[in-house]
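Have a look at this one.
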Amino acid sequence: GKSVKDGPVHDGQQKLLGAFVKAFAEGDAEGCANLYTADTIYMQAGLPMEKGRNVVLQGYKEFFDSRTNKLIEISEPIEEVISFGDMAVIRGSGKNVEETSTGDRIIKTYKYMILSEKQKDGSWLMKWDIYNFDANY
C-alpha cells in the first residue's frame with residue numbers, strides 16, 4: 001500500500017466520509033447503509049459485529065428511532081489514507097456534539113478505521129468499518 005494525501009483515491013475517501021457524515025446528521029438510515037458494500041462487516045463499539053448491508057440498515061434504523069439526544073455537530077476528519085488500488089484504508093477520528101432534552105451538551109470523541117472498496121462506477125463503499133469511543137459515554 002501507498003499513503004496518499006491527495007488525488008483520486010484520497011478524494012474518493014473524502015467524498016465517502018462526507019456522504020456518511022451528512023446522512024448520519026440527517027438521521028437517514030438508508031443513506032448511511034447505502035455507503036456500505038452488500039457484504040460489509042461493521043464493528044461498532046460495545047455491540048455485536050454486523051454482517052451485510054441489510055443488517056447495517058436495520059441497526060441504523062433502530063439507532064435513529066431510539067436516539068433521544070439532538071445531534072448538534074458531527075465531524076470525521078481523515079488523518080491517513082493508504083491506497084491498495086481498488087481498496088483503501090482510511091484512519092481518522094471523530095467528534096459528535098449532542099444536546100440532551102434538558103439542554104446539556106455532551107461531546108463524544110472516537111477513532112475509526114475503514115476499509116473501502118472501489119465500485120465499478122468509480123465510487124467507493126465501506127467494506128469494513130470499525131470504531132471505538134475515547135471514553136465510556
Taking all non-hydrogen atoms of both residues, which atom of C32 and which atom of F20 are closest, and how far apart? SG-CE1, 3.9 Å
Check the hydrophobic clustering (I, L, V, M, F, W, Y; side-chain heavy atoms under 4.5 Å; chains of links allowed) and say if V9 and Y112 are grouped together. yes
Worked check of side-chain contact (heavy atoms from CB on, under 4.5 Å) between Y137 and T109: CA-CA 9 Å; Y137 301 109; T109 58; 3.2 Å; yes
Can M113 be reached from M43 by stepping across I, L, V, M, F, W or Y side chains whose heavy atoms are under 4.5 Å apart? yes
Going from CD on E76 to OG on S93, what distance comes out if it is rounded to the nearest 0.5 angstrom? 8.5 Å
How long is the span from the CG atom in D28 to the CG atom in L35, to the nearest 0.5 Å? 9.0 Å
Within the 4.5 Å heavy-atom criterion, are I106 and T100 side-chain neighbours or not? yes
E117 versus W124: any side-chain heavy-atom pair under 4.5 Å? no
Are L57 and F63 connected, step by step, through hydrophobic side chains (Ile, Leu, Val, Met, Phe, Trp, Tyr) whose heavy atoms are closer than 4.5 Å? no
Going through the checks in order, is the side-chain contact (heavy atoms from CB on, under 4.5 Å) test met by I82 and K2? CA-CA 5 Å; I82 299 175; K2 177 183 175 190; 5.8 Å; no
Would you please say whether a donor-acceptor pair under 3.5 Å links the side chains of Y60 and E30? no
Which atom of E80 lies closest to which atom of S3, heavy atoms considered: OE2-OG, 4.0 Å
Applying a strict under-4.5 Å side-chain criterion to I, L, V, M, F, W and Y, I'd like to know whether Y131 and V89 cluster together. no
Indicate yes or no: at least one non-hydrogen side-chain atom of N96 is less than 4.5 angstrom from one of L71. yes
Does one side chain, of Y36 or S116, offer a donor that lies under 3.5 Å from an acceptor on the other? no
Does F24 have R67 sitting over its ring (NZ/CZ under 6.0 Å from centre, angle to axis within 45°)? yes
Lys/Arg-Asp/Glu bridge criterion (N-O < 4.0 Å) met for K95, E73: yes
Linking I/L/V/M/F/W/Y whenever their side-chain heavy atoms sit closer than 4.5 Å, directly or via other members, would I130 and L17 fall into one cluster? no
Evaluation steps, side-chain contact (heavy atoms from CB on, under 4.5 Å), between Q58 and V56: CA-CA 5 Å; Q58 188 60 37; V56 170; over 6 Å; no
If you compare all heavy atoms of T40 against all heavy atoms of R53, which two are closest, and at what distance to 0.1 Å? CG2-N, 3.8 Å
Any chance you could measure K15, atom NZ, to S123, atom OG, to the nearest 0.5 Å? 7.5 Å
Nearest-0.5 Å distance that lies between atom CG in N69 and atom OG in S101: 7.5 Å
Electrostatic pair E98-K108, nearest N-O below 4.0 angstrom: yes
Nearest heavy-atom approach of M87 to L115 is CE-CD2, 3.6 Å
Here the pair of heavy atoms bringing G59 nearest to E50 is CA-OE2, 4.2 Å
Under the side-chain contact (heavy atoms from CB on, under 4.5 Å) rule, what do I114 and M126 come out as? Steps first, then yes or no, please. CA-CA 7 Å; I114 296 167; M126 292 180 270; 3.5 Å; yes
Within a reach of under 6.0 Å around CG of N136, are more than 12 heavy atoms found that belong to other residues, nucleotides or ligands? no
Are E99 and D104 packed together at the side-chain level, in the sense that at least one heavy-atom pair is separated by less than 4.5 angstrom? no
Can you see which heavy atom on T37 is nearest to which on K127, and at what distance? OG1-CA, 3.6 Å
Side-chain heavy atoms of M49 within contact of Y42, under 4.5 Å: no
